[in-house]
Amino acid sequence: MNLLKEIEEKNPYQPEFIQAVKEVAEHILPYIEVNPKYKKHKIFDRMAEPERVIIFRVAWLDDAGEIQINRGYRVQMNSAIGPYKGGLRFHPTVNLSILKFLAFEQTLKNSLTGLPMGGAKGGSDFNPKGKSDNEVMRFCQSFMTELYRHIGHNLDVPAGDIGVGKREIAYMFGQYKKIKNEFTGVLTGKGLGWGGSKIRPEATGYGLIYFIQEILKSQEDTLVGKVVAISGSGNVAQYAAEKSIQCGAKVVTLSDSEGFIYDETGITAEKLAWVIELKEVRRGRIKEYLDQYPEAKFFANERPWKVKCDIALPCATENELDDKDAKQLIANGCKYVGEGANMPSTSEAVSLFNKAKVFYVPGKAANAGGVAVSGLEMTQNSLRYSWFSEKVDDRLHLIMKGIHDTCVRYGKQADGHVNYEQGANIGGFVKVADAMIDQGVV
Ligand code: NDP
Ligand code: 2IT
């Protein structure tokens with residue numbers, strides 16, 4: 001039977017997972033036709049099947065003393081090149097399909113970084129929004145009371161993702177340490193005073209901009225004066241905006257699930273610092289930007305892609321940029337799309353970008369800076385040492401340049417245009433595939 005059809009039949013009701021597998025298969029299946037060893041060893045078939053999936057009950061008491069029940073997950077996708085590694089997402093939409101797509105993408109992303117990390121993802125349908133700190137703490141403790149037996153610094157090292165930031169990582173770390181009675185680097189994204197790495201909070205957003213800079217360099221261009229539209233206003237969006245501004249670009253949008261703000265005059269470093277405080281300390285909503293900066297506009301329940309820009313950086317969530325948005329961006333002259341989020345563009349949008357020769361960089365390459373610095377956090381924890389910011393930032397820069405070069409190597413077309421999606425898919429696949437062949441049928 002046709003392999004893709006077989007995968008679809010094996011995974012009913014998992015549309016995001018099927019979408020991610022199909023997008024990768026589009027480049028890998030032709031590649032393995034001309035490299036038959038991968039076919040003989042059924043590498044792609046095996047990569048589409050998680051090594052292990054753990055699903056568990058998370059019961060906790062809310063502030064009113066009432067029992068709440070959520071579902072916890074960890075998808076341990078692939079450990080061919082290193083311990084399982086990938087974030088935890090706390091969001092009401094979390095389900096097995098979403099976590100399998102994320103773990104599948106993570107396997108290729110982690111391989112692209114060049115660091116020894118396998119792929120995983122986990123999380124819960126718990127919604128941290130509107131919960132007190134004590135409720136979040138009790139949830140995190142209950143979540144870790146089950147998860148701890150499935151993870152470890154040489155086995156599986158989770159980190160943050162949507163809804164999981166430094167507060168949640170800290171509560172989970174505290175509970176892990178309490179149960180195991182050991183202080184190890186079992187999570188990344190830790191506080192700077194207790195094993196965290198400098199630049200980890202900034203890494204995904206900064207890495208995204210370093211990647212865009214590499215493309216611009218290949219076009220003998222720079223970020224200076226470029227108009228940038230960003231979606232999201234969380235961790236990735238904040239630091240993508242910060243680095244864009246530092247490099248002389250003009251950032252004009254940010255968003256959340258209620259809509260987007262458009263600041264035609266540009267979000268300056270000072271305004272961005274205000275946004276970071278709004279989101280991280282006060283846990284406010286992006287529309288409050290107008291209370292502080294009334295010259296901006298808020299578009300309720302809309303996404304930023306109708307705004308004229310040179311560079312679009314979707315940094316919120318999956319499938320937040322569809323074919324209609326892609327057409328609008330292309331018509332408005334947008335030349336570069338870098339995915340800070342995982343799979344934010346629908347398959348139809350990606351086809352349109354490729355057809356229009358927009359420089360489109362998929363998340364597994366463009367947002368790999370986050371997990372790359374997580375890998376460096378693991379290195380520092382093993383050394384029992386902590387590097388200066390400059391050193392971590394330099395390494396992040398080198399890693400992003402390296403991923404760009406890998407994409408060019410595997411993605412250059414006959415007419416010289418680079419298909420970054422093809423480059424990232426094949427470039428990420430080869431190392432994992434070769435390791436799987438070496439390690440036999442397991
Ligand atoms: P945060 O929780 O810090 O921020 C998420 C942002 O996206 C918020 O502004 C949120 O708005 C918005 N958002 C989330 N879900 C939706 C939705 N369904 N519709 C519209 N907006 C939404 O998460 P991160 O910044 O860490 O993650 C953002 C993306 O980047 C995700 O795709 C994640 O997988 C990816 N990523 C994250 C990395 C990291 O290191 N953190 C590394 C690599 C990729 P609201 O507050 O309204 O929910
Ligand atoms: O999607 C991702 O790469 C992340 N959420 C970061 C994972 C990590 O282990 O740092």
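Both ligands and their constituent atoms are indexed starting at 1 by order of listing. These numbers were taken from a predicted model, which means no experiment stands behind them.
- The cationic group of Lys226 does not satisfy the cation-pi geometry with Tyr336, failing either the under 6.0 Å distance to the six-membered ring centre or the 45° limit from the ring axis.
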Write 'none' if nothing qualifies; otherwise put on separate lines each N/O atom of ligand 2 with a protein N/O atom under 3.5 Å away and their distance to 0.1 Å.
| unit_1 | atom_1 | unit_2 | atom_2 | d |
| --- | --- | --- | --- | --- |
| ligand 2 | 1 (O) | Gln106 | OE1 | 3.4 |
| ligand 2 | 1 (O) | Lys109 | NZ | 3.0 |
| ligand 2 | 1 (O) | Lys121 | NZ | 2.9 |
| ligand 2 | 1 (O) | Asn342 | ND2 | 3.1 |
| ligand 2 | 3 (O) | Gln106 | OE1 | 3.4 |
| ligand 2 | 3 (O) | Gln106 | NE2 | 3.0 |
| ligand 2 | 3 (O) | Lys109 | NZ | 2.8 |
| ligand 2 | 5 (N) | Lys121 | NZ | 3.3 |
| ligand 2 | 5 (N) | Gly160 | O | 3.1 |
| ligand 2 | 5 (N) | Asp161 | OD1 | 3.0 |
| ligand 2 | 9 (O) | Lys85 | NZ | 2.7 |
| ligand 2 | 10 (O) | Arg200 | NH2 | 3.0 |
| ligand 2 | 10 (O) | Ser374 | OG | 2.5 |

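- Atoms of ligand 1 lying under 4.0 Å from at least one heavy atom of Cys315, given by number and element, are 28 (C), 29 (C).
- When the heavy-atom distances from atom 47 (O) of ligand 1 to Ser257, Ala203, Ala372, Pro128 are ranked, the shortest goes to Ser257.
- Figure legend: cation-pi geometry between Lys335 and Phe359 absent, as NZ or CZ is not positioned both under 6.0 Å from the six-membered ring centre and within 45° of its axis.
- One option in Asn235, Ile162, Asn319 has a heavy atom closer to atom 41 (N) of ligand 1 than any other, and that option is Asn235.
- Judged by the 6.0 Å distance and 45° axis criteria, Lys243 is positioned over the aromatic ring of Tyr206.
- Comparing heavy-atom distances from atom 17 (C) of ligand 1 across Thr188, Val373, Asn342, Thr317 singles out Thr317 as nearest.
- Residue Gly340 has at least one heavy-atom neighbour below 4.0 Å for each of these atoms of ligand 1: 30 (O), 35 (C), 36 (N), 44 (C).
- Near Lys129, meaning under 4.0 Å from any of its heavy atoms, are these atoms of ligand 1: 45 (P), 46 (O), 47 (O), 48 (O).
- Here is the list of ligand 1 atoms found below 4.0 Å of a heavy atom in Ala341: 29 (C), 30 (O), 32 (O), 35 (C).
- At least one heavy atom of Arg200 lies less than 4.0 angstrom from ligand 1.
- Every heavy atom of Met343 sits 4.0 Å or more from the atoms of ligand 1.
- Under 3.5 Å, the side chains of Gln19 and Asn319 contain a donor-acceptor pair of N or O atoms.
- Under a 4.0 Å heavy-atom criterion, Arg303 is not in contact with ligand 1.
- Stacking of Lys297 on the aromatic ring of Tyr262 is not recorded, the 6.0 Å distance cut-off and the 45° axial limit not both being met.
- Between Lys177 and Glu182, none of the side-chain N atoms (NZ, or NE/NH1/NH2) sits under 4.0 Å from a carboxylate O, so this pair counts as no salt bridge.
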Pair Arg285, Glu288 - check salt bridge (Lys or Arg N to Asp or Glu O under 4.0 Å), show working. CA-CA 6 Å; Arg285 309 301 300 158; Glu288 293 170 51; over 6 Å; no
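- Contacts of Ala368 with ligand 1, taken as heavy-atom pairs under 4.0 Å, are absent altogether.
- The closest approach between a heavy atom of Ser374 and any atom of ligand 1 is not below 4.0 Å.
- Note on ligand 1: Gly163 sits in its first shell, one or more heavy atoms being nearer than 4.0 Å.
- Atoms of ligand 1 found under 4.0 Å from any heavy atom of Ser255 (numbered from 1 in listed order, with element): 9 (O).
- Ala237 does not count as a contact of ligand 1, since none of its heavy atoms falls under 4.0 Å from the ligand.
- Using a 4.0 Å cut-off between heavy atoms, Ala159 makes no contact with ligand 1 at all.
- Cation-pi contact between Lys391 and Trp387: present, with separation from the ring centre below 6.0 Å and deviation from the ring axis of at most 45°.
- Considering only residues two or more places apart in sequence or on other chains, Lys327 meets the side-chain contact (heavy atoms from CB on, under 4.5 Å) condition with Leu352.
- Using the six-membered ring where Trp is involved, Tyr148 and Tyr176 have ring planes that are perpendicular, over 60° apart on the 30 and 60° scheme.
- At a cut-off of 3.5 Å, with distance as the only test, no side-chain donor of Gln14 or Glu8 sits close to an acceptor on the other residue.
- Here the options are Trp60, Phe56, Phe126, Tyr73, the test is ring-ring contact (aromatic ring centres under 6.0 Å, His included), and the partner is Phe143; only Phe56 passes.
- Under a 4.0 Å heavy-atom criterion, Arg89 is in contact with ligand 1.
- Counting only heavy atoms of the protein, atom 28 (C) of ligand 1 lies nearest to Ala316 O, 3.3 Å.
- Taking a cutoff of 4.0 Å between a charged side-chain nitrogen and a carboxylate oxygen, Arg200 and Glu377 do not qualify as a salt bridge.
- With a heavy-atom cut-off of 4.0 Å, His91 touches ligand 1 through its side chain alone.
- Proximity to Ser233 (heavy-atom distance under 4.0 Å) selects the following atoms of ligand 1: 9 (O).
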